[in-house]
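What follows is one structure encoded as structure tokens, with my remarks underneath.
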Amino acid sequence: MTGGKRGAGDRGLHVRVKTAAKRKESSTRWLERHLNDPYVRRSKIDGYRSRAAYKLLEIDEKLNLLRPGLRVVDLGAAPGGWCQVLADVVKSTPEEPLVVGIDYLDMDHLPGVVLLKKDFLDEDAPDALIAALGGHKPDLVLSDMAAPTTGHRKTDHLRTTHLFEVAIDFALTNLAPGGAFLAKVFRGGTENQLLTDLKKSFDSVAHIKPPASRKESPELYVVAKGFRGNRAASRDPRLIEGEGDGED
Ligand SMILES: C[S@@+](CC[C@H](N)C(=O)[O-])C[C@H]1O[C@@H](n2cnc3c(N)ncnc32)[C@H](O)[C@@H]1O
């Protein structure tokens, strides 16, 4: 893996895929797009398990979230592109793992990363994540979770917004003071209240759509930096009085 520098401007040959008798036209279109995607090609060269790795690299390039020594929780980690980037940048080792990923899908082992095969919505998932970090609070909570798509836009939006909401809850309960939160959301109105809640607990809240996120995808990312302390503390009026909204 190169640890890699950003963007994927290569110009390989365009691959055409014929619709096979058993394959639907939509699957053929997906396959053709996948095979011709420069980020997919680049991930093969750089040794990343997913093109998603470049989204995290591009977000980090803009917002400087990652640095050596940070403890990180990665929600919805499979197949593990973000975990690869994280282990590399925070310098996590098998002796002292600083990165914990969770997904209900199987993931191949990654050195320096504790991978939990589990549904994050399970009641005991938060405790399992913190235990995997040796009882330490994470400095960074990331969520790239997306519910499997149904094709019904409103349903997909609601389900992914629910994952976003539970991820916020985990972050507000567990983050170390000064920590940061990054999560995928779908474009749409329902998360406004959630953003307002985040602004009360973090110094700054911003939206970002990295170039690696496909233009036609409704996804974008919310990045909240400068966590002001856990829930109990943020309810303390001395901490919230007079503090303005962060950037958006
Ligand atoms: C876009 S993929 C993540 C890609 C990953 N960031 C990478 O770099 O390889 C979204 C992941 O979220 C996971 N996911 C969705 N809902 C989940 C849940 N309730 N608990 C755990 N994982 C979940 C899916 O299984 C899927 O692997």
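Ligands are counted one by one from 1 in listed order, and the atoms in each one are counted from 1 as well.
Ligand 1 lies out of reach of K55, whose nearest heavy atom is not under 4.0 Å from it.
With 3.5 Å as the limit, one finds a donor-acceptor pair spanning the side chains of D197 and Q193. For the 3.5 Å distance criterion, the side chains of T150 and D156 qualify, holding a donor opposite an acceptor.
Across D106, L56, L75, D119, heavy-atom proximity to atom 19 (N) of ligand 1 is greatest for D119. Selection from G76, A78, A146, A147 by nearest heavy atom to atom 15 (C) of ligand 1 gives A146. Of all the listed residues (Y104, W82, Y48, Y54), Y104 holds the heavy atom that lies closest to atom 17 (C) of ligand 1.
Using a 4.5 Å heavy-atom cutoff, the side chains of D74 and L86 are in contact. Residues R187 and L220 are in side-chain contact: their nearest non-hydrogen atoms beyond the backbone lie under 4.5 Å apart. Contact check for P138 versus V72: no side-chain heavy atoms found under the 4.5 Å cut-off. Two residues are said to be in side-chain contact when any heavy atoms from C-beta on lie closer than 4.5 Å; E219 and K55 meet this criterion. In this structure the side chain of F227 never reaches within 4.5 angstrom of the side chain of F181, judged on heavy atoms.
At a threshold of 4.0 Å, the pair R49-D108 does not count as salt-bridged, since none of the basic side-chain nitrogens sits closer than that to a carboxylate oxygen.
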Pair Y54, Y48 - check ring-ring contact (aromatic ring centres under 6.0 Å, His included), show working. CA-CA 9 Å; Y54 299 101; Y48 287 125; 5.5 Å; yes
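Using cut-offs of 30° and 60° on the angle between ring planes, the pair F170 and F120 is perpendicular.
Contact annotation for A77 and ligand 1: only backbone heavy atoms (N, CA, C, O) come within less than 4.0 Å of the ligand. Within the 4.0 Å heavy-atom criterion, neither part of R49 lies near ligand 1. At a 4.0 Å heavy-atom cut-off, ligand 1 touches L105 through the side chain alone.
Set against the non-hydrogen atoms of L163, the atoms of ligand 1 under 4.0 Å away are 16 (N), 19 (N). Of all atoms in ligand 1, listed by their number and element, those nearer than 4.0 Å to a heavy atom of K118 are 21 (C). Each of the atoms 7 (C), 8 (O) of ligand 1 lies under 4.0 Å from some heavy atom of A52. Interface of L121 with ligand 1, defined as ligand atoms under 4.0 Å from a residue heavy atom, comprises 19 (N). Of all the atoms in ligand 1, the ones that sit under 4.0 Å from a non-hydrogen atom of P79 are 9 (O).
When hydrophobic clusters are built by joining Ile, Leu, Val, Met, Phe, Trp and Tyr residues whose side-chain heavy atoms come closer than 4.5 Å, directly or via intermediates, L121 is grouped together with F164.
For atom 20 (N) of ligand 1, the nearest non-hydrogen atom of the protein is F120 N, 2.9 Å. Regarding atom 7 (C) of ligand 1, its nearest protein heavy-atom neighbour is S50 OG, 3.3 Å. From the protein, the heavy atom lying nearest to atom 10 (C) of ligand 1 is D144 O, 3.3 Å. Looking from atom 13 (C) of ligand 1 to the surrounding protein, the closest heavy atom is D103 OD2, 3.2 Å.
Polar contact with ligand 1: present for G80 (N/O pair, distance under 3.5 Å). Taking only nitrogen or oxygen atoms, main chain and side chain alike, G81 reaches within less than 3.5 Å of ligand 1.
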